[in-house]
Structures are given as C-alpha cells and as structure tokens.
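In what follows, chains are A, B, ... by sequence order, proteins preceding strands, each numbered from 1. Here the structure is a predicted model, which means the values were calculated and not measured.
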2 protein chains.
Amino acid sequence: MTAQRRVVAEVLDGEHVHLSADEVLDRAQRRLPEISLATIYNTLNELVAMGEIGVFRGLEGGLRYDPNADRHHHLLCDTCAAIFDVTPKESAGVELDELERRGFRVDRTEVVFHGRCPRCQ
Amino acid sequence: MTAQRRVVAEVLDGEHVHLSADEVLDRAQRRLPEISLATIYNTLNELVAMGEIGVFRGLEGGLRYDPNADRHHHLLCDTCAAIFDVTPKESAGVELDELERRGFRVDRTEVVFHGRCPRCQ
DNA sequence: TTTACTGCAAACCGTTTGCAGTTCC
DNA sequence: GGAACTGCAAACGGTTTGCAGTAAA
C-alpha cells in the first residue's frame, strides 16, 4: 500500500459519482501533486480486478469508475451525459426464458435508462 | 445517393450482425475497392441520424452498427465479445416508479445481458 | 458554377505499454 | 540485492476533422 494507492482509494471512497480517470487524476493531484495518470490507471484497474469498484462505459466511450460496487443500474442523461445510480426495488425483473437465451448463460443483467435529467428537461 | 452510400446501405441490409466500422469497410470494399474509411463513417453517422440503423458500444469501447433499428436488447459474451439480439416477449418490463426516477424523464431502456455464449462456455 | 460528396492524412481522445529510475524490505 | 511500484513518453485503436480534388446538377 503506497501513498499513491491510498490517495486513489480515498478519492473514490464515499463518492456517489462516476468519475473518469482524468477526474480521478485531478482529485488525486490535489493531495499528491506528482501522481501520474499511468499510476491512476494502474491502480484503478487493480481495484476493478479486486472487485472493490465497478467500471462501465459512459456515453462518450470513456471508462467511468464506480465506487459503488454493489449491483445497481444507471440513469443516463442523453443531453449532459450525467449518470445517476438507481436500485429498483422490484430488482429489475428482466428474465429471459430458455428459448430466448438460445444456449447463452446469463451472469448479470445491466440496465441503462436513457433520458433527460431534471436540469436538462 | 452515390455509389458509396448505396454500397454501405447494401452491406448492412438484412444482416443480423453488429458490425464495427472496419468490418463495414471490409465488406464495402469487396464491392467498391476504392471506398475509404472516412466515407464509411460519414455514411454510417448519417444512417444513424436518420434512424435507419442503431449504434451502441461494444465491450471494447468501439461503436457497433446495428441494422436492426427496432427496439431490442442484447446478449453480450464477456469472453469473445460476440453480440446477439434478443427481443423478450414480456417486453422487458423494467419500470421505475416516480421516487426512483427523481425527476428524470426516461425515454428508453436498454438492457444488456452479460454472460457466456454457447461456444465459450 | 455552385453544391455535395469523396479520400487522404493528420489530429484527436482515452487507454495501455515499455522502460528506466525509485523505494522499501 | 530483489521485488514491487512509479512516472514519463511513446504507442495504440477507434473516431473525427480539414482540406483539396472530383462528380453531379
């Protein structure tokens, strides 16, 4: 556990947001100015591999790191690209029957709700 | 309507697959060898803007062009990145209640089933 | 002659990689 | 000394853009 890794972990901890690697770099550099983008990526990839955080692709194609590793879904604003968490209580019961699956084994289901956030409407 | 556009439209027409721009280029060049990648992108972007085809991001982050513009969902193999269409008959009834929406206006819901395709299991 | 479209090459953005230098045991 | 980690810079893959040349009306 190095200073760099601690800082990256701290940046993500407790955030409800979905930061890009650049944003993580920004915040990390406020605490440790000499930290580099490569280290940010190294560390983020390790955290993802350990299951500590999640990743997914934002609208623009870049990766977003999600401190909330628990299963949840996303609301995505098609106008400003903002991302909100959502955890449907009915637990998003999308199920495929055997016919629809055609031999595919489904491990997890990801739901993205596209639309407009309150500010962009 | 130029020869190039006709060829791009022909390449996509009737396919059930989800082609990358490069794959569209490959197939288009078999019919029109001098066609360029830039033209492929120009034409694909126009077709998307017209609603003739769909786009989404594949696992690797690149864009996939989907000749099937009708609403449907995807099965995504996390091993070989293959993509299959699926149209749940129960129409994938994931709905958020007003509380969960928090002022967000939902226009469309995208569901991705992650897992293993028959060949990769 | 104007307009739209093409193809090339360069730019671009986010991510990954190679490698030399550093730190810590 | 050896293992692990850092930071730089270069490479990379996919997409977009600027621009000069071409074709069509």
Side-chain angles (χ1 to χ4, degrees), chain A residues 1-12 17-50 52-67 74 76 78 80-83 112, chain B residues 1-12 17-50 52-67 74 76 78 80-83 112:
Chain A
M1 176 60 87
T2 63
Q4 287 81 347
R5 293 187 183 199
R6 195 172 320 111
V7 165
V8 171
E10 280 172 18
V11 162
L12 289 167
V17 291
H18 308 81
L19 300 168
S20 66
D22 256 6
E23 288 164 343
V24 175
L25 177 64
D26 269 5
R27 295 173 193 223
Q29 284 187 331
R30 282 183 220 148
R31 311 185 195 199
L32 192 63
E34 69 274 23
I35 197 172
S36 74
L37 188 55
T39 297
I40 298 290
Y41 275 110
N42 288 341
T43 310
L44 288 173
N45 286 341
E46 280 161 26
L47 289 170
V48 170
M50 293 190 296
E52 294 291 317
I53 61 175
V55 230
F56 60 94
R57 296 216 175 254
L59 263 191
E60 332 77 358
L63 297 173
R64 300 272 153 182
Y65 296 89
D66 192 340
H74 290 125
L76 218 155
D78 288 331
C80 72
I83 304 159
V112 182
Chain B
M1 177 60 86
T2 64
Q4 286 82 345
R5 293 186 184 201
R6 195 173 319 111
V7 165
V8 172
E10 280 171 18
V11 163
L12 289 168
V17 291
H18 307 84
L19 301 168
S20 65
D22 256 7
E23 288 164 344
V24 175
L25 177 64
D26 269 4
R27 296 174 191 221
Q29 283 184 333
R30 282 183 220 148
R31 311 186 194 197
L32 191 64
E34 70 274 24
I35 197 171
S36 74
L37 187 55
T39 297
I40 299 289
Y41 274 111
N42 288 341
T43 310
L44 288 173
N45 286 341
E46 281 160 24
L47 289 170
V48 171
M50 294 190 296
E52 295 291 317
I53 61 176
V55 230
F56 60 94
R57 296 218 174 252
L59 263 193
E60 332 78 356
L63 296 173
R64 300 272 151 181
Y65 296 89
D66 191 341
H74 290 126
L76 219 155
D78 288 330
C80 72
I83 304 160
V112 181

Interatomic distance where CG belongs to A:L25 and P belongs to D:dC8 [whole Å]: 10 Å
Candidate nucleotides D:dT6, C:dT15, D:dG14, ranked by approach to the side chain of B:Y41 - the nearest: D:dG14
Residue met sooner reading DNA chain D from 5', once B:N45 and A:T43 are mapped to nucleotides: A:T43
From C:dC5, D:dG7, C:dG7, nucleotide with atom closest to A:S36 side chain: D:dG7
Backbone N/O of B:G58 and side chain of B:R64: donor-acceptor pair under 3.5 Å: no
Whole-Å gap separating P (D:dG14) and OH (B:Y65): 12 Å
A:I35 CD1 - D:dC8 P separation (whole Å): 11 Å
Nucleotide of C:dT15, D:dG7, D:dT15 approaching A:A21 most closely (side-chain heavy atoms): C:dT15
Between P of C:dG14 and CZ of A:R64, the distance in whole Å: 9 Å
Listed nucleotide nearest any side-chain atom of A:N42, set C:dA9, D:dG14, C:dT17: C:dT17
Shortest non-hydrogen contact from A:L25 toward A:S36: CD1-C, 3.9 Å
Phosphate OP1/OP2 of C:dG7: any B:Q4 side-chain N/O under 4.0 Å: yes
Sugar-phosphate only, base, or nothing, as touched by B:E34 at under 4.0 Å among non-hydrogen atoms: sugar-phosphate
A:E60 backbone acceptor or donor facing B:R57 side chain under 3.5 Å: yes
Presence of B:T2 side-chain N/O under 4.0 Å of C:dC5 phosphate oxygens OP1/OP2: no
For A:V24, the option from A:T43, A:I40, A:I35, A:L37 that meets side-chain contact (heavy atoms from CB on, under 4.5 Å): A:I40
Integer-rounded Å distance: D:dG14 P and A:R57 CZ: 11 Å
Out of C:dT6, D:dT6, D:dT15, whichever nucleotide has its closest atom nearest the side chain of B:L37: D:dT15
Between P of C:dC8 and CD1 of B:I40, the distance in whole Å: 12 Å
Integer-rounded Å distance: D:dA4 C1' and A:E46 CD: 10 Å
Gap between atoms CZ and P, on B:F56 and D:dG14 respectively (whole Å): 15 Å
Criterion side-chain contact (heavy atoms from CB on, under 4.5 Å) against B:Y65, the qualifying member of B:V11, B:V17, B:N45, B:V8: B:N45
A:R5, nearest nucleotide to its side chain (from C:dG7, C:dT15, D:dT6): D:dT6
